[in-house]
Number of protein chains: 2
Amino acid sequence: MPGAIQSLSRAAAILRLLAGGERRLGLSEVATGLGLAKGTAHGILRTLQQEGFVEQDPDSGKYQLGAELLRLGQSYLDVHELRARALVWADDLARAAGETVYLGVLHQRGVLVVHHVFRPDDTRQVLEVGSMQPLHATALGKVLLAYDPVARGELGDGPWEAFTPRTVTEPAALDAQCALVRERGWADAVEETWEGVASVAALIQDRRRNPVGAVCVSGAVETVCEGGAVRPSLVASVRTAARAISRDLGAHRF
Amino acid sequence: MPGAIQSLSRAAAILRLLAGGERRLGLSEVATGLGLAKGTAHGILRTLQQEGFVEQDPDSGKYQLGAELLRLGQSYLDVHELRARALVWADDLARAAGETVYLGVLHQRGVLVVHHVFRPDDTRQVLEVGSMQPLHATALGKVLLAYDPVARGELGDGPWEAFTPRTVTEPAALDAQCALVRERGWADAVEETWEGVASVAALIQDRRRNPVGAVCVSGAVETVCEGGAVRPSLVASVRTAARAISRDLGAHRF
DNA sequence: ACCACCGGTCGGCCATGCCGACCCCACCTG
DNA sequence: CAGGTGGGGTCGGCATGGCCGACCGGTGGT
């Protein structure tokens, strides 16, 4: 495969840099952060600004991400076939389970949330569509790790970050869990990412049985678990929903 | 101002092209659509794919937008100061008004929705964050047109598209409405975008009193209007919310 | 008043990305 | 099954487009 276009790769790196740091960044910060000459960084930033991918604060001259990214991100969702098919199933699942539902796909070294149904009560919740979850410490992630070789490859050898005392950080333990996931057909994560939160997830396949994503139900340990384990009825609901979405995608052809 | 980086502008054009067409596009379609040589288009697409901005369907070889855009779009929202300040006020406004609340900023020739609070009932609603609304046919748009010279410039001379019989399509009529908006301090749009839907909007300013966005309450004509005009209490709520957000941004310094 | 550092510009050199011809494969089509 | 068509993808040579480092003008701190 021939090489990549230099200026484009650099532009992407700049966008990621701006997305990473919470605050706005100055021209010099960007340039030194990526080891570029100031003039080079400026040229790229200028173009990105013209295209709307980057905005500049008139006072400080510092740069931040631009609105066009939001618009394009929305367009990504509009085209996303998995998400479109899953919308109604996710809704039903949330209602039946009485808990939050996430829909995630593999993206780089994490799970990207492409759909999110609020827990059906009136508490204030923030939409997490577009955010990333760790592969090794969530139910969504463990499903993808278990079935998608690419995901396991991306993750590398660990040890990985521990978010709680229960997070699995060692490769051997994680691979054992993945084997269990494949055997049972579903994954759980009880207080492995956040204290007090437990989740169950199941795989979604496309028409050729390739793993394309996962559904997950997530909620307080007190309501999701029973006697230390995830409630069987929840597991059943999640697996049924996953099968329904897969069927919708055409997985029933075999 | 020196010129833009060619390959970057082209890459942006490709992304917009992919965002525009609802379906996936092939290499040749992209190339001819933008008047590029196939090899050139391929090089850019290859790089965009490596960076995650574009994905390729393994079967058809066709291209679509990539997940990285969703992630970056989310990062844009995270950093967005106006949105962060407005979150809680928008929530209160929706609850008080019993209607949908939108928060919009000027972007190119339209209003980009950066926040959306669902109408506080249990009907199914789709999140419109990241979508665009027309400047000339929405309350949000008319506020921005009235106060932001850039917006008026972007819009050009018309006549503009009519979405309903009540849409304002002529420059003279629209400019008159903008004058009225400036005089009253708020804008309305009754069945100008969608039949049966009416909205009220007010301006949000930053610390230097520059227009940075607008808040809007939107709902069925039957509940929003009274005797052909928008209910005064709603207007008051919206204007109060807009002032509160502006104050939060530091507009009180004068 | 000075200096340090900021964002921004400029011009020359040369690596870089552009182009058009070419390849291979899948799918029609007669 | 041969031939044709159009798909995505590759390649190499030419020249152009973008990179770099030196250079501005303004600003805020000392």
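Computed from heavy atoms alone, side chains included, the values below leave out hydrogens, waters and symmetry copies. So that the names make sense, note that chain A is the first sequence line, chain B the second, and so on, each numbered from 1.
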Measuring to OP1 and OP2 of [N], would you say a side-chain N or O of [X] lies under 4.0 angstrom away?
{"X": "A/Gln6", "N": "C/dG17", "value": "yes"}
{"X": "A/Arg46", "N": "D/dG18", "value": "no"}
{"X": "A/Tyr63", "N": "C/dG8", "value": "yes"}
{"X": "B/Thr40", "N": "C/dC19", "value": "yes"}
{"X": "A/Ser28", "N": "C/dG7", "value": "yes"}
{"X": "A/Arg10", "N": "D/dC20", "value": "yes"}
{"X": "B/Gln56", "N": "D/dG8", "value": "no"}

Item to check | Main-chain N/O of A/Lys62 paired with A/Arg24 side-chain donor or acceptor, under 3.5 Å | outcome: no
Checklist entry - Checking B/Gln74 side chain against B/Arg71 main chain: does a donor-acceptor pair fall under 3.5 Å? => result no
[atom1] of [X] versus [atom2] of [N]: gap in Å, rounded?
{"X": "B/Leu25", "N": "D/dG7", "atom1": "CG", "atom2": "P", "answer": "12 Å"}
{"X": "A/Gln64", "N": "C/dG7", "atom1": "CD", "atom2": "P", "answer": "15 Å"}
{"X": "B/Ile44", "N": "D/dT10", "atom1": "CD1", "atom2": "P", "answer": "15 Å"}
{"X": "B/His42", "N": "C/dC22", "atom1": "NE2", "atom2": "C1'", "answer": "14 Å"}
{"X": "B/Leu8", "N": "C/dG17", "atom1": "CG", "atom2": "P", "answer": "10 Å"}
{"X": "B/Ile5", "N": "D/dC19", "atom1": "CD1", "atom2": "C1'", "answer": "9 Å"}
{"X": "A/Leu48", "N": "C/dG8", "atom1": "CG", "atom2": "C1'", "answer": "16 Å"}
{"X": "B/Leu36", "N": "D/dG8", "atom1": "CG", "atom2": "C1'", "answer": "16 Å"}

Item to check | Nearest atoms (heavy-atom pairs only) where A/Leu112 meets A/Gly130 | outcome: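 It is CD1-O, 3.5 Å.
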Checklist entry - Under 6.0 Å between ring centres, would you say that holds for B/Tyr63 and B/His42? => result no
Checklist entry - A/Ala37 has a side chain; which of D/dG8, C/dG8, D/dG21 sits nearest to it? => result D/dG21
Checklist entry - Hey, does A/Lys38 reach any base, or is it just sugar-phosphate, or nothing, if we go heavy atoms under 4.0 Å? => result base
Item to check | Closest-nucleotide ordering on DNA chain C, the 5'-leading residue of A/Gly26 and B/Ala41 | outcome: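 Closer to the 5' end of DNA chain C: A/Gly26.
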Next on the checklist: Do B/Gln205 and B/Leu203 make a side-chain contact, defined as non-hydrogen atoms from C-beta onward lying under 4.5 Å apart?
Outcome noted: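 The answer is yes, as the side chains (C-beta and beyond) meet within the 4.5 Å cut-off.
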